Amino acid sequence: MNSVGEACTDMKREYDQCFNRWFAEKFLKGDGSGDPCTDLFKRYQQCVQKAIKEKEIPIEGLEFMGHGKDKPESSS
Amino acid sequence: MVKYFLGQSVLRSSWDQVFAAFWQRYPNPYSKHVLTEDIVHREVTPDQKLLSRRLLTKANRMPRWTERLFRASVAHSVYILEDSVVDPQNQTMTTFTWSINHARLMVVEERCVYCVNSDSNSWTEIRREAWVSSSLFGVSRAVQEFGLARFKSNVTKTMKGFEYILAKLQGETPSKTLVETAKEAEEKAKETALAATEKAKDLAKKAATKQQQQQQQFV
């Protein structure tokens, strides 16, 4: 997949590879410590956050997991 | 007005396979409309949960007939955020996904819970809820309000008109009051129409703002 920042795609893919390995082999098996991907992630984030600002994608100030767990179940 | 969806699916794979696949599912033959994918936040919490935020852009495929109505929307892709919590100790994952632009037209939100299937622990089930809302419903309510207000003022004019002409036909001079009232009614009708238009605009604006507020919380 491509990144939203064209210049970031390679960095994204490198990070993804590292993450996917760590996720399956370490994290899911209960070993969440020692993430070996932090440097790759930092580089990737620097690039992609810049691209997001440039494209004015409105991701700022949005609460994690959105608003409230209790949603009205109205359907009409 | 919100449309609500509730559904359940089963994947015949174990929870750890599904959770790993979750991060690798794009691209696939069914995701041609997904244009970009980025992790924009990620952290491991002290209690060993993985929090992530993924930004997706998707092609905005709308039916032809909407293109003329929503010209501005056609040009732009849809931006979607997907927040997730992976809890390997409890073997569950929760996701909340929502669109963050084109809010005036439509907002789609989805919440999923992934867990081990109750029938077979080598399977994974997904409980999915979604909410689809559109502030256009707010606009149509506003139009109705305006129409009703204008209708009411027209009824008043109709009745005054009747009284006036009946008086004339019966050889009476329409009372001065009626003539003056006619002028007043004209003015009043203009005022009412203006007030109704303002109210309609306000309702439509509120409906649109409400959509935006529902997505933006104070952090």
Side-chain angles (χ1 to χ4, degrees), chain A residues 1-9 11-13 15-35 37-38 40-42 44-53 55-76, chain B residues 1-6 15-17 19-20 22-24 26-27 31 34-45 47-53 55-57 77 79 81 83-86 88-89 91 94-98 100-101 103 109 111 129 131 137 212-219:
Chain A
M1 281 305 292
N2 292 335
S3 167
V4 72
E6 295 81 12
C8 316
T9 296
M11 284 180 244
K12 164 195 146 57
R13 289 185 190 169
Y15 166 71
D16 282 348
Q17 261 190 329
C18 179
F19 170 79
N20 287 327
R21 202 175 308 127
W22 170 82
F23 185 75
E25 292 171 14
K26 290 276 162 70
F27 181 75
L28 287 185
K29 301 197 167 143
D31 181 8
S33 64
D35 176 3
C37 312
T38 33
L40 287 172
F41 188 62
K42 268 199 193 107
Y44 166 46
Q45 286 303 291
Q46 261 168 12
C47 184
V48 78
Q49 297 292 347
K50 185 159 167 270
I52 286 168
K53 283 206 167 59
K55 296 188 185 220
E56 298 185 338
I57 302 175
I59 66 169
E60 286 303 308
L62 296 174
E63 196 176 325
F64 189 69
M65 294 306 269
H67 44 283
K69 321 299 170 196
D70 302 317
K71 303 256 339 187
E73 288 183 23
S74 65
S75 100
S76 6
Chain B
M1 229 202 305
V2 180
K3 279 289 187 186
Y4 177 71
F5 169 89
L6 175 66
W15 66 274
D16 53 328
Q17 289 175 322
F19 293 7
F22 182 71
W23 300 114
Q24 302 178 61
Y26 299 124
S31 73
V34 180
L35 307 173
T36 72
E37 171 199 36
D38 284 288
I39 302 295
V40 297
H41 179 81
R42 185 166 265 155
E43 67 179 273
V44 179
T45 65
D47 57 348
Q48 297 301 295
K49 295 189 180 145
L50 181 75
L51 311 184
S52 308
R53 174 168 277 183
L55 169 68
L56 302 167
T57 67
S77 311
Y79 296 126
L81 283 182
D83 286 350
S84 57
V85 181
V86 181
Q89 273 147 13
Q91 300 169 358
T94 306
T95 70
F96 186 75
T97 307
W98 75 107
I100 63 172
N101 64 338
E109 297 161 298
R111 191 183 137 89
E129 287 179 287
W131 298 266
F137 293 121
Q212 287 174 349
Q213 276 175 355
Q214 279 173 343
Q215 296 157 41
Q216 286 183 346
Q217 300 281 330
F218 297 109
V219 175

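What you see is a predicted model, and the numbers here were worked out from it, not measured in a lab.
With a threshold of 4.5 angstrom between heavy atoms, Ile39(B) approaches chain A through its backbone and through its side chain. Both the backbone and the side chain of Tyr26(B) come within less than 4.5 Å of a heavy atom of chain A. With a threshold of 4.5 angstrom between heavy atoms, Tyr15(A) approaches chain B through side-chain atoms but not through N, CA, C or O. Heavy atoms of Thr45(B) lying under 4.5 Å from chain A are absent altogether. The part of Thr95(B) that comes within reach of chain A is its backbone (N, CA, C, O), which places non-hydrogen atoms under 4.5 angstrom from that chain. For Thr9(A), no part lies near chain B; criterion is any non-hydrogen pair under 4.5 Å. Using a 4.5 Å cut-off between heavy atoms, Val48(A) contacts chain B through its side chain alone, with no backbone atom that close. With a 4.5 Å cut-off on non-hydrogen atoms, Leu56(B) does not touch chain A at all. For Gln89(B), no part lies under 4.5 angstrom from a heavy atom of chain A.
Nearest heavy-atom pair, Phe23(A) versus Phe19(B), reported as atom, atom and distance to 0.1 Å: CE2-O, 3.4 Å. Shortest non-hydrogen contact noted between Phe64(A) and Ser52(B) is CE1-O, 3.5 Å.
Rounding to the nearest 0.5 angstrom, the gap separating the CD1 atom in Ile57(A) from the CG atom in Asn101(B) is 9.0 Å. Put simply, OH on Tyr79(B) and NZ on Lys55(A) are 7.0 Å apart, with the number rounded to the nearest 0.5 Å.
For the pair Arg42(B)/Gln45(A), no side-chain contact is recorded, criterion being any heavy-atom separation below 4.5 Å from C-beta on. At a threshold of 4.5 Å between non-hydrogen side-chain atoms, the residues Ile52(A) and Asp38(B) do not count as touching. Between Thr94(B) and Met65(A), the closest side-chain pair of non-hydrogen atoms falls below 4.5 Å. The closest side-chain heavy-atom distance from Val44(B) to Phe27(A) is below 4.5 Å.
Without hydrogens or angle criteria, Gln49(A) side chain to Val40(B) main chain gives a donor-acceptor distance under 3.5 Å. No side-chain donor-acceptor contact under 3.5 Å links Asn2(A) to the backbone of Thr36(B). Formation of a donor-acceptor pair under 3.5 Å by the Glu37(B) side chain with backbone atoms of Met1(A) is not found in this model.
Top candidate by heavy-atom pairs under 4.5 Å with chain B, chosen from Gly30(A), Ser3(A), Cys8(A), is Ser3(A). Residue with the most contacts toward chain A among Leu6(B), Asp16(B), Leu51(B): Leu51(B) (heavy-atom pairs, distance under 4.5 Å). Between chain A and the options Thr97(B), Leu55(B), Thr57(B), the largest number of non-hydrogen pairs under 4.5 Å is found for Leu55(B).
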Check: Would Val86(B) and Leu28(A) count as a side chain to side chain contact (heavy atoms under 4.5 Å, CB included) if you check the C-alpha gap in whole Å, the side-chain angles of each, and the deciding distance to 0.1 Å?
Finding: CA-CA 9 Å; Val86(B) 181; Leu28(A) 287 185; 4.3 Å; yes
